[in-house]
There are 2 protein chains.
Amino acid sequence: MDKKRRPLRLVKKRQTAEHCTSRGYCLLSALDPGHAELLNAIIRTRGPFRAGDRIYRHGEPFDTLYSVQTGSLKTEMATREGRAQVSGFYFAGELLGTDAIGARTYPSDAVVLEQTWLCAIPARQFLDLCAGNPALQEQLLGRMGDRIRADEYGWMLNRNERAEQRLMIFLHDLYQRRVVRTGRRTTVVELTMRKEDIANYLGLTPESLSRTLRKLQEAGIIDSRLRAIELLDLDALSAADET
Amino acid sequence: MDKKRRPLRLVKKRQTAEHCTSRGYCLLSALDPGHAELLNAIIRTRGPFRAGDRIYRHGEPFDTLYSVQTGSLKTEMATREGRAQVSGFYFAGELLGTDAIGARTYPSDAVVLEQTWLCAIPARQFLDLCAGNPALQEQLLGRMGDRIRADEYGWMLNRNERAEQRLMIFLHDLYQRRVVRTGRRTTVVELTMRKEDIANYLGLTPESLSRTLRKLQEAGIIDSRLRAIELLDLDALSAADET
DNA sequence: CGGTTCGTTGAATGATCTCAAGTACTGTGG
DNA sequence: CCACAGTACTTGAGATCATTCAACGAACCG
């Protein structure tokens with residue numbers, strides 16, 4: 001399942017927070033200039049990484065959080081039989097590594113899906129900074145809370161819903177996250193991950209995913225292509241996602 | 001899948017000042033006397049609550065965290081069809097409401113399962129206290145991180161494992177948590193929740209749970225009674241729970 | 001003691017998986 | 001640009017597991 005292990009290319013390239021300031025969905029946005037400067041001083045831009053690169057592996061000492069600048073990643077855990085289990089996908093603006101906070105080591109592997117730039121945030125210094133800055137702490141807690149809620153909600157769905165429903169919710173989630181990230185409402189969702197990863201993430205076999213995609217296609221809800229899916233009936237998808 | 005609330009096993013049974021003899025005893029352990037005093041000043045013991053009481057409801061403004069003193073609770077969310085979905089169980093020493101941190105309202109309902117005493121912790125004041133106290137912040141972040149990891153692990157299991165496996169993991173988790181709470185290694189697990197709740201939590205119908213229990217019983221792994229389950233083969237159960 | 005809820009059991013249905021082929025895409029070397 | 005090999009994806013048919021529907025038994029509570 002893990003084919004090519006290219007060595008990590010850590011191209012160090014000093015850079016300001018230019019990549020972050022433009023978007024509201026960024027940790028820096030909560031900071032006054034003084035604290036932003038402090039945070040800026042400890043973060044480092046890293047990249048480019050290529051598909052298959054592993055940013056960290058489970059069991060390695062946890063010392064760094066990553067903010068995704070451009071590109072995308074998946075995280076995966078190992079089941080006791082040694083199979084990989086995809087536990088999440090991460091896109092630009094999202095924070096990678098939060099599930100390691102409070103632990104000594106990363107609980108999962110982070111695998112790059114396409115050309116990707118990251119922003120490395122030393123965890124120790126960052127958490128100390130949070131301790132002295134209520135606004136930043138609130139940002140961090142907010143994100144962790146979001147994460148807990150999202151996981152819990154996702155878990156709930158996975159227990160109850162059928163494959164078709166889960167897939168619709170997943171697609172709608174991808175769409176929504178891209179709206180939040182980019183503000184654009186294109187109905188074409190690019191798939192930077194393999195279908196196999198999606199199936200794994202949804203708890204389905206690739207065969208079942210394939211059949212389910214076909215079903216949605218026949219229902220006129222999506223147009224499933226190879227590396228992209230066009231969402232033809234957003235209403236149907238968001239209806240699936242309603243609490 | 002359950003591993004879910006297990007993170008809270010870090011809870012220390014520390015009974016220091018009479019203020020916190022039996023309330024809030026976990027979070028206080030990280031504090032120097034001065035800060036402990038501050039925290040003590042804002043927490044309040046509440047109870048007794050009886051089975052069926054709702055501590056909070058989803059949608060209500062989030063303003064309080066609760067530490068379970070004695071007794072037990074379940075949290076449940078509403079699916080869009082209006083059915084209830086059990087999202088977790090909480091026992092003495094565990095922290096209730098963390099999934100609301102960062103949100104304005106509680107995402108779930110908290111329902112009491114038996115006679116229960118709680119310790120109410122005003123969220124605003126508590127979080128402010130954390131912001132000024134690195135040790136306390138670390139405790140809180142640690143718990144939230146534990147929670148994220150547990151949810152993630154649980155979710156993973158739920159996607160992969162069959163009913164029998166999930167049930168074994170659940171039972172083993174109940175056992176482990178009780179060892180942590182009480183230190184006693186009795187193999188009889190009291191069920192304060194209804195079987196219906198367990199089935200719901202595991203993503204099964206009550207019928208399927210019943211059949212699965214019978215299977216484990218016939219295999220000599222458990223002795224399933226009405227309000228308790230005796231764990232006859234702990235090795236088999238912990239084997240199911242191994243990473 | 002009845003009524004009610006909770007839990008169990010059986011048989012039939014349905015969803016997803018497994019196994020086994022077949023097809024389409026991707027990258028490589030000629 | 002094409003042929004090729006390797007991988008990803010799709011499709012079909014049968015097996016497996018959990019659900020549904022229906023009925024019954026056992027505990028709880030007035």
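When reading the values below, keep in mind they use all heavy atoms of this one structure, side chains included, and skip hydrogens, waters and symmetry mates. Order of the sequence lines fixes the chain letters, A, B, ..., with proteins taken first and strands second; residue numbering starts at 1 for each chain.
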Taken in chain and number order and not counting sequence neighbours, the residues that satisfy side chain to side chain donor-acceptor pair (under 3.5 Å) with B/Ser224 are none
Can you give the dot-bracket line for DNA chain D, where a pair is Watson-Crick or G-U wobble with both atom distances under 3.5 Å, crossing pairs use [ ], and | marks a partner on another strand?
||||||||||||||||||||||||.|||||
Got a list of protein N/O to nucleotides 27-30 of chain D N/O distances below 3.5 Å?
none

Test of understanding: with ring pair (Phe, Tyr, Trp, His ring centres under 6.0 Å), list the residues that count as partners of B/Phe62, not counting sequence neighbours.
B/Tyr106
CA sep, side-chain torsions, deciding dist, call: B/Arg194, B/Asp197, salt bridge (Lys or Arg N to Asp or Glu O under 4.0 Å):
CA-CA 5 Å; B/Arg194 296 173 308 174; B/Asp197 290 330; 3.6 Å; yes
Considering residues at least two apart in sequence or located in another chain, which fulfil the side chain to side chain donor-acceptor pair (under 3.5 Å) criterion with A/Arg149?
A/Asp146
Nearest to the A/Glu196 side chain among C/dG10, D/dA8, D/dT11, which nucleotide is it?
D/dA8
Salt bridge (charged side-chain N to carboxylate O under 4.0 Å, His left out) contacts in which one or both residues fall within residues 230-239 of chain A, not counting sequence neighbours:
A/Arg225-A/Glu230
Kindly write out the residues that satisfy side-chain contact (heavy atoms from CB on, under 4.5 Å) with B/Arg162, not counting sequence neighbours, or none if the list is empty.
none
Residues forming a side chain to side chain donor-acceptor pair (under 3.5 Å) with B/Arg227, sequence neighbours excluded:
none
With sequence neighbours left out, what residues match B/Thr205 under side chain to side chain donor-acceptor pair (under 3.5 Å)?
B/Ser208
Footprint string (nucleotides 12-18 of chain C, 5' to 3'): B base within contact, S backbone only, - free, heavy atoms under 4.0 Å
---SSSB
Going by the ring-ring contact (aromatic ring centres under 6.0 Å, His included) test, which pairs reach into residues 199-228 of chain A, not counting sequence neighbours?
A/Phe89-A/Tyr201, A/Phe170-A/Tyr201, A/Tyr201-B/Trp155
What side-chain donor-acceptor pairs closer than 3.5 Å can you find for residues 108-117 of chain B, not counting sequence neighbours?
| from | atom 1 | to | atom 2 | distance (Å) |
| --- | --- | --- | --- | --- |
| B/Asp109 | OD1 | B/His58 | N | 2.7 |
| B/Asp109 | OD1 | B/His58 | ND1 | 3.0 |
| B/Asp109 | OD2 | B/Arg54 | NE | 3.0 |
| B/Glu114 | OE2 | B/Ser72 | N | 3.4 |
| B/Glu114 | OE2 | B/Ser72 | OG | 2.7 |
| B/Thr116 | OG1 | B/Ser72 | N | 3.2 |
| B/Thr116 | OG1 | B/Ser72 | O | 3.4 |
| B/Thr116 | OG1 | B/Glu114 | O | 2.7 |

